[in-house]
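The first residue of the sequence shown is numbered 1, and numbering continues consecutively from there. This is a predicted model, so every value here is computed, not measured.
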Amino acid sequence: MNGVDLFLLGRTLMKIGEEAMPVGDIGPSRTTQAASVRTVLVVVADLRTHPETSVGEIAARTGLPQSAVSGAVARLKEAGAVVTAPDPADRRRVVIRQAERSARVEAVRAAGVEGPLAAALGTDDPAQVAEVVAALEFLARRLAPGSDPRRP
């Protein structure tokens, strides 16, 4: 495997992840990038590593336009996945946080990847799908933000 192979695998995994996401209740769908599912997922990923942040800070870190981040935050807020509040230190800044408990977050966590993964693999064999899921779980434990790469 080389860098190109790894990059292409990452794109494939990202597409499978998008297929596995229950998207019916993340707010109104728009045709622009401002609120695309991929943009929402990028914002969610950023919020996981920066739990108290602003639209401008997310835009700076992700390279997304502020309008796209604002649209994603609006969809997440409508779904109950995030809350916003004025920053007490600077009332012009709005702080974004993940919601404590959200039906949306619970639905996403409960959604499995087996169906979209089986489709991508072109198999109905549960053993093959389970093998790939186990390998992905291993990679997630080793490579996810905040993980300990020495942990088996």
Side-chain angles (χ1 to χ4, degrees), residues 1-122 129 132-133 135-149:
M1 176 169 278
N2 60 37
V4 172
D5 294 334
L6 184 59
F7 176 81
L8 294 174
L9 174 61
R11 288 186 50 92
T12 299
L13 291 172
M14 184 173 60
K15 289 176 184 176
I16 295 168
E18 288 175 2
E19 295 275 328
M21 289 288 298
V23 296
D25 59 348
I26 60 170
S29 179
R30 295 176 177 88
T31 57
T32 65
Q33 180 192 14
S36 73
V37 172
R38 186 169 294 171
T39 300
V40 170
L41 293 174
V42 169
V43 170
V44 167
D46 187 80
L47 280 167
R48 288 184 82 182
T49 55
H50 302 92
E52 188 169 299
T53 192
S54 70
V55 167
E57 292 164 346
I58 295 170
R61 284 189 298 266
T62 63
L64 293 169
Q66 282 195 5
S67 61
V69 174
S70 293
V73 168
R75 289 182 75 179
L76 290 164
K77 189 174 177 181
E78 289 174 23
V82 299
V83 293
T84 60
D87 184 345
D90 180 357
R91 304 296 272 169
R92 296 171 294 171
R93 180 177 179 258
V94 174
V95 176
I96 305 158
R97 295 180 186 92
Q98 290 184 355
E100 291 296 317
R101 291 300 267 184
S102 157
R104 170 69 187 150
V105 171
E106 296 304 320
V108 169
R109 287 182 180 154
V113 298
E114 289 80 0
L117 195 53
L121 293 169
V129 174
V132 174
V133 168
L136 292 171
E137 288 171 343
F138 173 80
L139 285 173
R141 284 191 309 274
R142 299 292 301 266
L143 300 176
S147 66
D148 181 357

Item to check | Nearest-0.5 Å distance, CD of residue Gln66 to OG of residue Ser54 | outcome: 8.0 Å
Checklist entry - Rounded to the nearest 0.5 Å, what separation is found between the CZ atom of Arg38 and the CG atom of Leu64? => result 11.0 Å
Checklist entry - Taking all atoms of both residues into account, what is the closest heavy-atom pair of Pro65 and Ala59, and its distance? => result C-CB, 4.4 Å
Item to check | Heavy-atom pair of closest approach, residues Gly80 and Ala99 | outcome: O-CB, 3.1 Å
Checklist entry - Looking at residues at least two apart in the chain, or sitting in another chain, which of them share a salt bridge (charged side-chain N to carboxylate O under 4.0 Å, His left out) with Glu19? => result none
Next on the checklist: List the residues meeting salt bridge (charged side-chain N to carboxylate O under 4.0 Å, His left out) with Arg92, not counting sequence neighbours, and say none if there are none.
Outcome noted: Asp90
Checklist outcome for this item: Residue pairs meeting salt bridge (Lys or Arg N to Asp or Glu O under 4.0 Å), one or both in residues 54-68, sequence neighbours left out, come to Asp46-Arg61, Glu57-Arg93
Checklist entry - Mind checking what makes side chain to side chain contact (heavy atoms under 4.5 Å, CB included) contact with Leu47, not counting sequence neighbours? => result Val43, Thr53, Ile58, Val82, Ile96, Gln98
Next on the checklist: Test of understanding: with side chain to side chain contact (heavy atoms under 4.5 Å, CB included), list the residues that count as partners of Leu121, not counting sequence neighbours.
Outcome noted: Leu117, Thr123, Val129, Val132
Next on the checklist: Would Val94 and Val55 count as a side chain to side chain contact (heavy atoms under 4.5 Å, CB included) here? Give the steps.
Outcome noted: CA-CA 8 Å; Val94 174; Val55 167; over 6 Å; no
For residues 6-17, which side-chain donor-acceptor pairs fall under 3.5 Å, sequence neighbours excluded?
unit_1 : atom_1 : unit_2 : atom_2 : d
Thr12  : OG1    : Leu8   : O      : 3.0

